[in-house]
Enquirer: 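First the structure, which I've put down as structure tokens, then a few questions once you've had a look.
All figures in this text were calculated on a predicted structure; none of them were measured in a lab.
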Amino acid sequence: IRRPPRSTLFPYTTLFRSKKYSGQADTIPRTKKHFSFVNGEGSAFFDHDPKPGHKAYSRKAFLEILSEVFPAIADMGSVWTPSTSSCIFKGGQQLVGQDGGMHIYFAVKNATDLPRFSEVLFKRLWIAGHGYIFITKDGKQLERTIFDQAVFSPERLDFVAGAVCRDGLEQRLPDPVYTPGNVLDTSLLPDLTEEEETQYQRLIEQAKEKARPAQERSEEHTSELQSH
């Protein structure tokens, strides 16, 4: 691929994952040191990517749950689109539907507040009963809720291109859905009180203890695979 001519108005650089970065010219690692949210109006998105065994919510149900925790979300403007890996067909047969996840984009008044906002919203969803522990293949316990908190870190990329389909497969994504509304003021979501933080930590401990048998089974399975 040929690079376009260098522009002094819009300079470019090549991104590397931090583990592969070695300091080459015109390159930077994709880390928080080199990326930050703008101090002012910006945009963000909720990534609903349900894990196996956990419920996939519709756009309406997803926003209703968030609004229970932070009512201002009910009046925010947004753009909805299904996951880029959804809506896969082969001829007249649908192999993957729209239940594989979605992105909901929205504007915010101050993007620098997004990391705090996402952390508080995550914890308040747990307190409201919408948290769970996900067990990885190697037996790690990860705290999860109905949205992926990781996308609220400034160095994260949003993969929005459609699927590359072969062997007679075709992707038929619907048009995005725009809902008019307000720019979200994330500062209106209050931090947890000391009592709420204690409640959140207690819920995490209880959920991890409940998930321990599944964690041990996963660790045993991984150990068996590694021994062969």
Enquirer: Return yes when atom NZ of K32 has more than 12 non-hydrogen atoms of other residues, nucleotides or ligands closer than 6.0 Å, and no otherwise.
Expert: no

Enquirer: To the nearest 0.5 Å, tell me how far D75 CG sits from L184 CG.
Expert: 10.0 Å

Enquirer: Using modelled atom types and a 3.5 Å cut-off, is there a donor and acceptor pairing between side-chain atoms of E197 and backbone atoms of L192?
Expert: no

Enquirer: Is the side chain of S86 donor-acceptor paired with the backbone N or O of P82 at a distance under 3.5 Å, no angle test?
Expert: no

Enquirer: Donor-acceptor check, side chain of W126 to backbone of Q199, threshold 3.5 angstrom: yes or no?
Expert: no

Enquirer: Less than 4.0 angstrom from a charged side-chain N to a carboxylate O is my criterion; do R212 and E216 meet it?
Expert: no

Enquirer: Taking the side chain from T136 and the backbone from K140, do they hold a donor-acceptor pair closer than 3.5 Å?
Expert: yes

Enquirer: Should I28 and F35 count as side-chain neighbours, where that means a heavy-atom distance under 4.5 Å?
Expert: yes

Enquirer: Rounded to the nearest 0.5 Å, what's the gap from NZ on K123 to CG on L203? Could you check?
Expert: 12.0 Å

Enquirer: Please check this pair: side chain of E170 against backbone of F89, looking for a donor-acceptor N/O pair closer than 3.5 Å.
Expert: no

Enquirer: Would you compute the distance between atom OG of S78 and atom CG of N182 and round it to the nearest 0.5 angstrom?
Expert: 11.5 Å

Enquirer: Under 4.5 Å side-chain heavy-atom separation, chaining through any Ile, Leu, Val, Met, Phe, Trp or Tyr, what else clusters with F134? Say none if it is isolated.
Expert: Y132, L142

Enquirer: Apply side-chain contact (heavy atoms from CB on, under 4.5 Å) to D148 and D49, showing your working.
Expert: CA-CA 7 Å; D148 184 359; D49 184 20; 5.5 Å; no

Enquirer: Looking at every non-hydrogen atom in both residues, tell me the closest pair between T193 and E196 and how far apart they are.
Expert: N-OE1, 2.9 Å

Enquirer: Under the salt bridge (Lys or Arg N to Asp or Glu O under 4.0 Å) rule, collect the residues that match up with E41, sequence neighbours excluded.
Expert: none

Enquirer: Among all residues two or more places apart in sequence or in another chain, which pass the side-chain contact (heavy atoms from CB on, under 4.5 Å) test with T31?
Expert: S18, P29, K33, H34

Enquirer: Once you round to the nearest 0.5 Å, how far does CG of L125 lie from OG1 of T145?
Expert: 4.0 Å

Enquirer: Please find the pair of heavy atoms, one from P50 and one from A56, that lie closest to each other, and give the distance.
Expert: CG-CB, 3.6 Å

Enquirer: Decide yes or no on side-chain contact (heavy atoms from CB on, under 4.5 Å) for H130 and K55, but give the supporting numbers first.
Expert: CA-CA 11 Å; H130 299 291; K55 184 175 180 179; over 6 Å; no

Enquirer: For the residue pair S187 / R116, report whether a side-chain donor-acceptor contact shorter than 3.5 Å exists.
Expert: no

Enquirer: For T112, enumerate each residue passing the side-chain hydrogen bond (donor to acceptor under 3.5 Å, both in side chains) test, keeping only those at least two apart in sequence or located in another chain.
Expert: N110

Enquirer: What residues, two or more places apart in sequence or in another chain, satisfy side-chain contact (heavy atoms from CB on, under 4.5 Å) together with V160?
Expert: Y105, D158

Enquirer: Taking all non-hydrogen atoms of both residues, which atom of I88 and which atom of A163 are closest, and how far apart?
Expert: CD1-CB, 4.2 Å

Enquirer: Identify the two heavy atoms, one from S118 and one from P115, that lie closest to each other, and give their separation to 0.1 Å.
Expert: OG-O, 3.0 Å

Enquirer: Could you measure the distance from the CD1 atom of I204 to the CD atom of E209? Nearest 0.5 Å is fine.
Expert: 13.5 Å

Enquirer: Looking at A74, is its backbone amide N or carbonyl O close enough to the side chain of S67 to form a donor-acceptor pair, meaning the two atoms are under 3.5 Å apart?
Expert: yes

Enquirer: Quick check on the 6.0 Å ring-centre criterion: do F147 and F62 meet it?
Expert: no

Enquirer: Should V177 and I104 be regarded as members of a common hydrophobic cluster, given that ILVMFWY residues are connected when their side-chain heavy atoms come within less than 4.5 Å of each other, either directly or indirectly?
Expert: yes

Enquirer: Aromatic rings H103 and F45: how do their planes relate, parallel, tilted or perpendicular, breaks at 30° and 60°?
Expert: tilted

Enquirer: Go through the structure and list residues passing side-chain contact (heavy atoms from CB on, under 4.5 Å) with L188, not counting sequence neighbours.
Expert: F70, D185

Enquirer: Centre-to-centre under 6.0 Å for Y57 and H48, is that the case here?
Expert: yes

Enquirer: Tell me whether E205 is salt-bridged to K208, with the criterion being a basic N under 4.0 Å from an acidic carboxylate O.
Expert: no

Enquirer: What closest approach, in Å, do L121 and L189 show between heavy atoms, and which atom pair accounts for it?
Expert: N-CD2, 3.7 Å

Enquirer: Okay, side chain of S153, backbone of R156: is any donor-acceptor separation there less than 3.5 Å?
Expert: no

Enquirer: If I compare all heavy atoms of M76 with all of L63, which pair ends up nearest, and what's the gap?
Expert: CE-CD2, 4.1 Å

Enquirer: For R124 and D191, indicate whether the former's side chain and the latter's backbone hold a donor-acceptor pair under 3.5 Å.
Expert: yes

Enquirer: Quick one: CD1 on I133 to CD on Q206, what's the gap to the nearest 0.5 Å?
Expert: 11.0 Å

